[in-house]
Amino acid sequence: MVAGTSGRKAKVTALAGCLRAAEPEEAATVVAYLSGELPQRQIGVGYAALREPPPPAAEPSLTVPEVDAAFTEIGAVSGAGSVARRRELVAAVLGRATRPEQDFLVRLLAGELRQGALDGVMAEAIAAAADVPAAAVRRAVMLRGALGPVATAALAEGARGLDAFTLEVGRPIKPMLAAAAPSMDEAFAKLGAGPETEVAVEWKLDGIRAQVHVSGGEVRVFTRTLDDITVRLPEVVEAVRGLPVRDAVFDGELIALRPDGRPHPFQVTSARTATRTTKTAEPVPLSVFLFDVLHLDGADLLDAPGAERDAALAGVVPAELRMPRVVTGDAARAKEVFDESVARGHEGVVVKSLDTPYTAGRRGAGWVKVKPRHTLDLVVLAVEWGHGRRRGLLSNLHLGARDPETGGFVMLGKTFKGLTDELLAWQTRRFRELAVREDEWTVHVRPELVVEIAFDGVQHSPRYPGGIALRFARVLRYRPDKSAAEADTIDTVRAVAPVLD
DNA sequence: TTCCGACAGTGGGGTCGCAAT
DNA sequence: ATTGCGACCCCACTATCGGAA
């Protein structure tokens, strides 16, 4: 029903009907499932555990609370034999489901529900079902970090129930995200910036986003997906603990820096953040750069304009713990900041409106990131069949650079990005003509077609034969004017974007 | 009537921890 | 010891809907 229509209003109507029909105690679970999430967040079941579902039941008998209880039990399984035990429990649930129920549950557990109803549409549906303003629902979701509890409150108590969701120090909220622009001029245009309207131009570091809560001297650190990673980061806790605040919520970035202040590759920061144990004697320390404050000693600042939040930040955080930032209305000055950030090895800048409040969880137009862009002409070595709306189309390109030593090609990664429907149709036809070998997923082709690829940088790769891979590769256009012999070489790739060490 | 902001979809590379092989 | 899997870090881009202009 929901997947069957492309219209958002129709989806909202259908979803709201489901919510009204649900028992009050089921509402949170129903909302989670319909938006493709589990209240448990994760239960250790993925694609591999779902490959061979048991025969479906003839008659429906499963209830939502039963499924929820089963998922909780599956999520609690651990230790030796846990993989087999989880699969056993998954099979038991699926065996009680009818064919359509099985199909839904498999897609839900695999994270492939894809029915066009994630947080945004579901928030509208909750608002419709509970007859409350959609903006109030969205705000509650941002503050609570989950749809389910918000749905329960809205359905039971209406708008009054939503008022109970406030910023609580110690509970993470969804972080504000940035839109992207290809150049400083376009970033300025998006924000309406100019001599009359200044903006903040902040360095963008290639690290891990962090929301740092201080509550009476106790510090907690949360990731973008609201996971608590405090215990992994003692040096971050130590750095923030010294600030002259009683209660505060900060937003910032964590990054591993070398002694000269230049950044380590992202992989170093990522590994450091993901490591739970102290297995190495001297882990690479992470540096903290705070760029926003959402609460300060009793005062919520979410709705305060950017300039006011920055003033509050500067009042309690010393410059060495703040993200470098320049306020200007001059695009040329902004470009200088961008150039300096890049020259020091960083990703680029984020241009921020001085007026907008902190719009958590939405890719609001208040922040716009600008990064440099590299390009290469590479050769397509193979193509993979697409899924979902790209089913039946050759979608994901295997990209290779010329290897002058062997006369062959070195694969540097894949991309499916940047392709229009028209281009997808064209390349599906074209690659069939060039096909030399085909398996279930992949069509291998004669290496003749040259494609211009944009990418952010080059990183060490344990996967690809050249030992390097492109980061965030996307298609700009095909180059019918170039032959494979004129494509860029592996040496050019290394020169264009050196791998940092 | 046209324009544009918000949203969902389609996957990319990488790391770690754990259980199975 | 190595491999497979699940969970999360980082992410760009296009199509579409529906309200704003």
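Basis for what follows: all heavy atoms, side chains included, without hydrogens, waters or symmetry-related copies. Every chain is numbered from 1, with letters handed out A, B, ... down the list of sequences.
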| field | Atom-to-atom span, CG of A/L286 to P of C/dC10 - whole angstrom | value | 12 Å

| query | Can you find a side chain N or O atom of A/K369 that sits less than 4.0 Å from OP1 or OP2 on C/dA12? | reply | yes

| G-U wobble or Watson-Crick pairing nucleotide for B/dC7 (cut-off 3.5 Å, both distances) | none

| field | Basic-acidic side-chain contact under 4.0 Å: A/E253, A/R209 | value | no

| field | Whole angstrom value for the distance that separates P of B/dG12 from NE2 of A/H398 | value | 8 Å

| said: Please report the distance, rounded to the nearest Å, between CG in A/L113 and C1' in B/dT10. | reply: 15 Å

| said: Please determine whether a side-chain nitrogen or oxygen atom of A/R463 lies at a distance below 4.0 Å from atom OP1 or OP2 of B/dT15. | reply: no

| field | Shortest side-chain distance from A/R209, nucleotide among C/dC10, B/dG9, B/dT15 | value | C/dC10

| request: Give a yes/no answer on whether the side chain of A/R471 brings an N or O atom under 4.0 Å of OP1 or OP2 in B/dG14. | output: no

| request: Taking atom types as modelled, find out whether A/E112 and A/Y47 have a side-chain donor-acceptor pair closer than 3.5 angstrom. | output: no

| message | If I take atom CD in residue A/Q267 and atom P in nucleotide C/dC8, what distance separates them, rounded to the nearest angstrom? | response | 21 Å

| said: Output one letter per nucleotide in nucleotides 14-21 of chain C: B when a protein non-hydrogen atom lies under 4.0 Å from the base, S when only the sugar-phosphate is that close, - when neither is. | reply: SSBBSS--

| What is the distance from CD1 of A/I208 to P of C/dC9, rounded to the nearest Å? | 7 Å

| message | Pick the closest DNA chain B nucleotide for A/S78 and for A/R391 by heavy atoms, then say which residue is nearer the 5' end. | response | A/R391

| query | Within less than 4.0 Å of OP1 or OP2 of B/dG12, is there a side-chain N or O belonging to A/N396? | reply | yes

| query | Does A/R325 make a cation-pi contact with A/F291, if we ask for NZ or CZ under 6.0 Å from the ring centre and within 45° of the axis? | reply | no

| field | Presence of salt bridge, A/R41 and A/D227, under 4.0 angstrom | value | yes

| said: Tell me the interatomic distance from A/L470, atom CG, to C/dC13, atom P, rounded to whole angstroms. | reply: 14 Å

| remark: Checking B/dT10, B/dT15, C/dC11 against the side chain of A/P462 (C-beta onward), the nearest is B/dT15

| remark: Taken to the nearest whole Å, CD/A/Q40 to C1'/C/dA7 is 15 Å

| Within the pair A/T415 and C/dA12, is there a side-chain N or O less than 4.0 Å away from OP1 or OP2? | no

| task | Using a heavy-atom cut-off of under 4.0 Å over every strand shown, decide if A/A49 touches base, sugar-phosphate, or nothing. | result | sugar-phosphate

| request: Give one of base, sugar-phosphate or nothing for A/T269, where a contact means two heavy atoms less than 4.0 Å apart. | output: nothing

| query | Between A/S270 and A/T273, does a side chain to side chain donor-acceptor pair (under 3.5 Å) hold up when you go through it step by step? | reply | CA-CA 5 Å; A/S270 173; A/T273 319; over 6 Å; no

| task | Apply the side-chain hydrogen bond (donor to acceptor under 3.5 Å, both in side chains) test between A/D456 and each candidate in A/R373, A/K371, A/H374; give the one that qualifies. | result | A/K371

| remark: Looking only at heavy atoms, the pair that brings A/T230 and A/R220 closest together is OG1-CA, 3.3 Å

| field | Closest to the A/T225 side chain, choosing from B/dG17, C/dC9, B/dC16 | value | C/dC9

| query | Of all the nucleotides listed (B/dG9, B/dG11, B/dG14), which has the minimum atom distance to the side chain of A/S395? | reply | B/dG11

| So which one's nearest nucleotide on DNA chain C is more toward 5', A/R232 or A/A48? | A/A48

| message | Within the 4.0 Å heavy-atom criterion, would you say A/A473 contacts the bases, only the backbone, or no part of the nucleic acid? | response | nothing

| query | When all nucleic acid strands are considered with a 4.0 Å heavy-atom cut-off, which category describes A/L50: base, sugar-phosphate, or nothing? | reply | nothing

| field | Proximal nucleotide (of B/dG13, B/dA8, C/dC11) relative to the A/K204 side chain | value | C/dC11

| field | A/G120 or A/A274, whichever maps to the more 5' nucleotide of DNA chain B | value | A/G120

| message | Within the 4.0 Å heavy-atom criterion, would you say A/R373 contacts the bases, only the backbone, or no part of the nucleic acid? | response | nothing

| request: Output all residues satisfying salt bridge (Lys or Arg N to Asp or Glu O under 4.0 Å) with A/D355, sequence neighbours left out; order by chain, then residue number. | output: none

| query | Can you find a side chain N or O atom of A/R224 that sits less than 4.0 Å from OP1 or OP2 on C/dC8? | reply | no

| note | Of A/G46 and A/A454, the one whose closest nucleotide on DNA chain C sits nearer the 5' end is A/G46

| request: For A/E253, report the nucleic acid contact type (base, sugar-phosphate, nothing); a contact means any heavy atom under 4.0 Å. | output: nothing

| Does A/S461 place a side-chain N or O at less than 4.0 Å from the phosphate oxygens OP1/OP2 of B/dG14? | yes

| request: Tell me whether the OP1 or OP2 atom of B/dG13 has a side-chain N or O from A/Y464 closer than 4.0 Å. | output: yes

| request: Kindly say if A/H387 contacts the phosphate of B/dG11, meaning a side-chain N or O under 4.0 Å from OP1 or OP2. | output: yes

| Selection from C/dG6, B/dA20, B/dG13 that lies nearest to any side-chain heavy atom of A/A80 | B/dA20

| said: Give me the atom names and distance for the closest heavy-atom approach of A/I255 to A/P263. | reply: CD1-CB, 3.8 Å

| request: Check whether the side chains of A/T415 and A/R474 place a donor and an acceptor atom closer than 3.5 Å, and report yes or no. | output: no

| request: With heavy atoms under 4.0 Å as the rule, sort A/A180 into base, sugar-phosphate or nothing. | output: nothing

| said: Tell me the interatomic distance from A/K414, atom NZ, to B/dT10, atom C1', rounded to whole angstroms. | reply: 13 Å

| said: Over all strands shown, is A/K371 touching base, sugar-phosphate only, or nothing at heavy-atom distances under 4.0 angstrom? | reply: sugar-phosphate

| task | Taking only the side-chain heavy atoms of A/F416 (C-beta and beyond), determine which of C/dC9, B/dT15, B/dG11 contains the nearest atom. | result | B/dG11

